[in-house]
Amino acid sequence: MIQKNHLLTSVKLVGALALYAGFLFWLYQSNQPDLLIVFLTISLMIPIVWLIRDRFKQQQIIDNLHQETLTAELNLLKSQINPHFFFNTLNNLYGLAIEKSDLTQEVIYKLSQMMRFTIYDGRKNSVSVEDEINYLNNFIELNQIRHKNALDITFIQQCENMAQRIPPLLFINLLENAFKHGIDTQTNGQYIEFTLTTNQQSIAFELRNNFDPQVLESKKHQQRSGGLGIVNLKRRLKLLYPNKHQYIERTESNEFYTKVIIDLT
């Protein structure tokens, strides 16, 4: 049936071209050069217009495929964020349950809030600043519970509009690294200073934390891999804000400093 339809279409096309060619020949025989030039010009323009239109359609298909690829990669990157944190928290929760601690219910609630955000809101293209801050606060509070509130953590929020939409889970890798490679390398005097600034023109977040260089180097040597969180963050920034972001990091003695600036204009 398909072949028959193609054959019928081809026959119609050949017939139309034959009629048109006959019409042009008649104009030539009738000694009407002006009309002949007009129709010859139209005859030349039609293939050019068709080629431009076909090229535009092909470019649209390529752009759509490119966008689908970027979306798939972004979703994959978001799915790789802090899975081991949840496992660690579950282990801590198990310990609290054995101790019959009064904190057990609070930990369960905060963990459920974080998992809900990661599973549902984390798949969205954007979330409110308020929701992202709540997620970060839950993360901080759960780690405070794990360290028995012995940490010096300062989270400064300078946000013009708490309803502003921003990409989800964009800051968690830096904060998680501050715990994993900073807090967890020391037994006392640990601190984290974390600042989030948002407005219509830009998003900026900066973080500084101390660490024990010897312990950190030993941990890296034992793991023989690491830094995936930062690689993940840099890739997401490149996909979301190409040529409109800055990533700055430096180490001074036993303090690590990171700052990310995103231009929204």
Side-chain angles (χ1 to χ4, degrees), residues 60 62-86 89 109-144 153-180 192-209 228-249 257-265:
Q60 278 188 319
I62 292 172
D63 290 342
N64 289 337
L65 288 173
H66 181 64
Q67 187 59 44
E68 289 175 5
T69 301
L70 291 182
T71 301
E73 184 174 355
L74 281 169
N75 288 335
L76 177 61
L77 289 171
K78 285 189 286 187
S79 71
Q80 295 172 349
I81 293 174
N82 67 1
H84 66 273
F85 163 74
F86 288 113
T89 305
Y109 175 75
K110 291 186 181 300
L111 183 61
S112 68
Q113 292 295 103
M114 290 193 67
M115 293 185 72
R116 183 178 294 108
F117 184 88
T118 302
I119 294 171
Y120 295 108
D121 294 311
R123 295 181 180 181
K124 299 177 181 177
N125 292 328
S126 65
V127 296
S128 69
V129 171
E130 182 178 15
D131 287 341
E132 184 74 14
I133 287 175
N134 288 338
Y135 179 80
L136 296 173
N137 276 328
N138 281 333
F139 181 86
I140 292 170
E141 289 168 13
L142 282 174
N143 277 282
Q144 284 281 30
I153 301 178
T154 303
F155 183 13
I156 301 172
Q157 302 151 33
Q158 300 172 333
C159 306
E160 285 186 358
N161 179 10
M162 297 298 282
Q164 180 179 345
R165 308 297 292 184
I166 60 175
L169 304 171
L170 197 57
F171 316 117
I172 189 63
N173 277 330
L174 286 179
L175 188 56
E176 187 177 22
N177 271 2
F179 281 96
K180 182 179 178 182
I192 295 176
E193 296 176 4
F194 184 65
T195 302
L196 171 62
T197 305
T198 62
N199 52 55
Q200 292 301 314
Q201 289 73 43
S202 65
I203 301 172
F205 55 102
E206 57 183 320
L207 184 149
R208 64 177 73 245
N209 64 273
L228 291 179
I230 299 301
V231 173
N232 184 312
L233 171 62
K234 289 180 178 179
R235 183 57 182 165
R236 286 189 70 197
L237 289 170
K238 186 175 181 180
L239 292 174
L240 290 168
Y241 304 103
N243 303 317
K244 301 198 77 173
H245 71 274
Q246 297 179 57
Y247 177 86
I248 303 164
E249 68 175 34
Y257 173 83
T258 313
K259 184 172 185 178
V260 174
I261 305 171
I262 300 170
D263 182 6
L264 299 178
T265 58

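This chain uses plain numbering: 1 for the first residue, then up along the sequence.
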Handout entry: Trace of the side-chain contact (heavy atoms from CB on, under 4.5 Å) decision for Ile262 with Leu170
Key = CA-CA 11 Å; Ile262 300 170; Leu170 197 57; 3.7 Å; yes

Handout entry: Candidate pair Asn177 and Thr258, rule side-chain contact (heavy atoms from CB on, under 4.5 Å), full reasoning
Key = CA-CA 11 Å; Asn177 271 2; Thr258 313; over 6 Å; no

Exercise for the section: Dump the intermediate steps for side-chain contact (heavy atoms from CB on, under 4.5 Å) on Met162 and Ile133, then the final yes or no. Expected result: CA-CA 9 Å; Met162 297 298 282; Ile133 287 175; 3.6 Å; yes

Exercise for the section: Could you check Ile203 against Leu264 for side-chain contact (heavy atoms from CB on, under 4.5 Å), going step by step and ending with a plain yes or no? Expected result: CA-CA 7 Å; Ile203 301 172; Leu264 299 178; 3.8 Å; yes

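Put simply, OH on Tyr135 and OG1 on Thr118 are 3.5 Å apart, with the number rounded to the nearest 0.5 Å. Atom-to-atom distance recorded for Leu207:CG and Lys259:NZ is 12.5 Å, nearest 0.5 angstrom. With values rounded to the nearest 0.5 angstrom, Asp263 atom CG is found 11.0 Å from Asn243 atom CG. Interatomic distance, Ile153 CD1 to Gln144 CD, rounded to the nearest 0.5 Å: 4.0 Å. Interatomic distance, Met114 CE to Asn137 CG, rounded to the nearest 0.5 Å: 10.5 Å. With rounding to the nearest 0.5 angstrom, the CG atom of Leu240 is 11.5 Å from the CD1 atom of Ile166.
Residues satisfying the ring pair (Phe, Tyr, Trp, His ring centres under 6.0 Å) test with Phe155, not counting sequence neighbours, are Phe194. Judged as a ring pair (Phe, Tyr, Trp, His ring centres under 6.0 Å), and not counting sequence neighbours, the contacts of Phe171 are Phe205.
Closest approach of Tyr247 to Glu249, counting heavy atoms only: OH-OE1, 2.6 Å. Asn209 and Ala178 get closest at one heavy-atom pair: OD1-CB, 3.7 Å. A pairwise comparison of heavy atoms in Cys159 and Val129 identifies SG-CG1, 3.7 Å as the closest pair. When every heavy atom of Ser126 is checked against every heavy atom of Arg165, the shortest pair comes out as O-NH2, 2.8 Å. In plain terms, the two heavy atoms of Gln164 and Asn199 that are nearest each other are NE2-O, 2.9 Å. Taking all atoms of both residues into account, the shortest heavy-atom contact from Gln200 to Glu160 is N-OE1, 4.2 Å.
For Tyr109, the OH atom sits in a loose shell: 12 or fewer heavy atoms of surrounding residues, nucleotides or ligands are nearer than 6.0 Å. More than 12 heavy atoms of other residues, nucleotides or ligands lie within 6.0 Å of NZ in Lys234, so this atom counts as buried by the packing criterion.
Distance alone, capped at 3.5 Å, places no donor-acceptor pair between the Arg236 side chain and the Pro167 backbone. Listed for the Glu132 side chain is a donor-acceptor partner under 3.5 Å among the backbone atoms of Leu169.
Counting only heavy atoms from C-beta outward, the side chains of Leu111 and Asn138 never approach each other to under 4.5 Å. Leu136 is listed as a side-chain neighbour of Ile172, based on a closest heavy-atom distance under 4.5 Å.
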